[in-house]
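Worksheet for the structure shown next.
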Amino acid sequence: MDPLALALIELGAVLFALGLLARLAGRIGMSPIPLYLIGGLVFGAGGFIDLGGVRDFSHLAGEIGVILLLLMLGLEYTAQELFTGLKKSWQAGVMDLVLNFVPGAVVTLLLGWDGVAALVMGGVTYISSSGIVAKVITDLGRLGNRETPTILAILVFEDLAMAIYLPILTATLAGVSFLGGLQTVGISLVVVTVVLMVALKHGHHVSKAVHSENSEVFLLNVLGLALLVAGLASAMQVSAAVGAFMLGIAISGTTAHLASRLLEPLRDLFAALFFVAFGLNTDPATIPPVLGWALALAVITAATKVATGWWAAARAGVAVPGRARAGASLIARGEFSIVIAGLAVTSGAVNGELAALATAYVLLMAIMGPLAARFVEPVVKAIRKPRGSRRKREAAAEAPS
């Protein structure tokens, strides 16, 4: 068969299958990310059918998916909100970083892998999935709850930490010298600082440059600028993902809202292809040997996320059920964890077993997180059974702010 015809048939089949998986995920009330990863495993290297015809396209589409994920995340915040969130949440953020980075790094060392793998896996286990967390909070009607600002503040701190972590990771994966790594991190910090300053004082000029009343022109402007900035960032040895994230922060106000609405379908499409591409490049046969480690990591880091959310919500004066909800909401890992693992695997600096461990871990956490967030409150209330004045005080504390 003609290679072009085969590639089109395979791509069409993949996209149609992704639609069916997303519909199934919606009906059972979970994130579609685990199903996308499973789909990639089934039809990738070592799976039932090797879709080699779409491998090159899926790689480029996956890179665009990462850029759009980070751009959209940046559009959710203004520079002022990032500074405010960092000021309010830095203690909980540091606790979150230590408790959740260390387990992933320790497990890789126990497996006999090197320090680069430890740096990668620590990042995989550290950061919560902003997409899954936001969807869970919205679906469960908790946007007005007292613990929600605490959850969002921790997510903002994680995003800022990623702006520093990703350049360090990129330099390490590239095998640059210690001096070169310091130079890369320095450049990244300068770029991040400059962009934040520009966003604070001149963000309206950036918004004006991309804004248009014509939706076609607006879409082309935003998407083109995002790819351009990401490419320039990559050329400067700063992560393309960080470049896209910082551009999103620089765009503010009505322009950011309209850009999010226009880009959302593209983000969902390319992000789905990114997760599938990651699965396509992971051999399912490599997962069983690391499944026990993935399960151990899932249990440990679920507990550490709950501890982080509980402590941070308690400092904010939230009652016990709200503390439990805050901790459970942070459990899910997803898009960013796979982005980190994908960068590592693509660079060739780590072995294929890390991809298998990351895939198994994210599958477990992406399923466990929404389920824990949904059922933690009735479990806590059933255990505590508050009565009398204590019930009234906690009910008042749980009222939406």
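Just the heavy atoms: all of them, side chains too, but no hydrogens, waters or symmetry mates, feed the values below.
Atom CG in Leu363 sits 6.5 Å away from atom CD1 in Ile287 (nearest 0.5 Å). Between the CZ atom in Arg333 and the CD1 atom in Ile340 there is a gap of 11.0 Å [rounded to 0.5 Å]. Taken from CZ in Arg27 to CG in Leu24, the straight-line distance is 8.0 Å, to the nearest 0.5 Å. With rounding to the nearest 0.5 Å, the separation of CG in Leu354 from CE in Met121 is 6.0 Å. For the atom pair CG of Leu357 and CG of Leu111, the computed distance is 7.0 Å after rounding to the nearest 0.5 Å. We find the CD1-CG distance between Ile251 and Leu71 to be 6.0 Å, quoted to the nearest 0.5 Å.
By the side chain to side chain contact (heavy atoms under 4.5 Å, CB included) test, Ala25 is found to be paired with Met30, Pro32, Leu35, residues two or more places apart in sequence or in another chain being considered. Shown here are the side-chain hydrogen bond (donor to acceptor under 3.5 Å, both in side chains) partners of Glu216, two or more places apart in sequence or in another chain: there are none. With sequence neighbours excluded, the residues that form a side chain to side chain contact (heavy atoms under 4.5 Å, CB included) with Leu225 are Val210, Leu228, Val229, Leu247. Applying the side chain to side chain contact (heavy atoms under 4.5 Å, CB included) rule to Ala161 yields the partners Tyr126; only residues at least two apart in sequence or on another chain are considered. Qualifying side chain to side chain contact (heavy atoms under 4.5 Å, CB included) partners for Ile137, counting only residues two or more places apart in sequence or in other chains: Val133, Arg142, Leu143, Thr148, Ile151. For Phe270, there are no ring-ring contact (aromatic ring centres under 6.0 Å, His included) partners two or more places apart in sequence or in a different chain.
Sorted pairs that involve residues 349-366 and meet salt bridge (Lys or Arg N to Asp or Glu O under 4.0 Å), not counting sequence neighbours, are lacking altogether. Sorted by first then second residue, the side chain to side chain donor-acceptor pair (under 3.5 Å) pairs that include residues 305-317, not counting sequence neighbours, are Gln91-Arg315, Asp96-Lys305, Ser128-Lys305, Glu158-Lys305. Identified under the side chain to side chain donor-acceptor pair (under 3.5 Å) test for residues 290-304, with sequence neighbours left out: Asn100-Thr304, Thr301-Tyr361. Under the side chain to side chain donor-acceptor pair (under 3.5 Å) criterion, no residue pair touches residues 11-25, with sequence neighbours excluded.
The nearest pair of heavy atoms linking Ala230 to Ile67 is CB-CD1, 3.6 Å. The minimum heavy-atom distance linking Phe101 with Leu119 is given by the pair CZ-O, 3.8 Å. Closest heavy-atom contact between Ile331 and Gly369: CG2-CA, 3.8 Å. Residues Met365 and Ala302 share a closest heavy-atom pair of CE-N, 4.0 Å. The heavy-atom pair separating Thr150 from Ala316 by the smallest distance is OG1-CB, 3.7 Å. Nearest approach of Gly309 to Ala326, heavy atoms of both residues: O-CB, 3.7 Å.
The closest side-chain heavy-atom distance from Leu371 to Arg374 is not below 4.5 Å. When side chains are defined from C-beta on, Leu223 counts as touching Leu68, because their heavy atoms get closer than 4.5 Å. Side-chain contact check for Leu291 versus Leu295: every heavy-atom pair is 4.5 Å or farther apart. When side chains are defined from C-beta on, Leu269 counts as touching Leu15, because their heavy atoms get closer than 4.5 Å. A 4.5 Å side-chain heavy-atom check between Val120 and Leu343 finds every atom pair outside the cut-off.
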- side-chain contact (heavy atoms from CB on, under 4.5 Å) evaluation trace for Leu155 with Leu330: CA-CA 8 Å; Leu155 293 178; Leu330 292 169; 4.1 Å; yes

- Message: Using the rule given for side-chain contact (heavy atoms from CB on, under 4.5 Å), can you reason through Phe16 versus Leu20, listing the C-alpha separation, both sets of side-chain angles and the distance that settles it, and then say yes or no?
- Response: CA-CA 7 Å; Phe16 185 76; Leu20 295 178; 3.6 Å; yes

List the atom pairs, with distances to 0.1 Å, where a side-chain N or O of residues 253-266 and a protein N or O form a donor-acceptor pair under 3.5 Å, not counting sequence neighbours.
from: Ser260; atom 1: OG; to: Ala256; atom 2: O; distance (Å): 3.0

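Side-chain atoms of Ser337 come within 3.5 Å of backbone N or O of Val124 as a donor-acceptor pair. Checked by atom type and distance alone, the side chain of Arg267 never pairs as donor or acceptor with a backbone atom of Met72 at under 3.5 Å.
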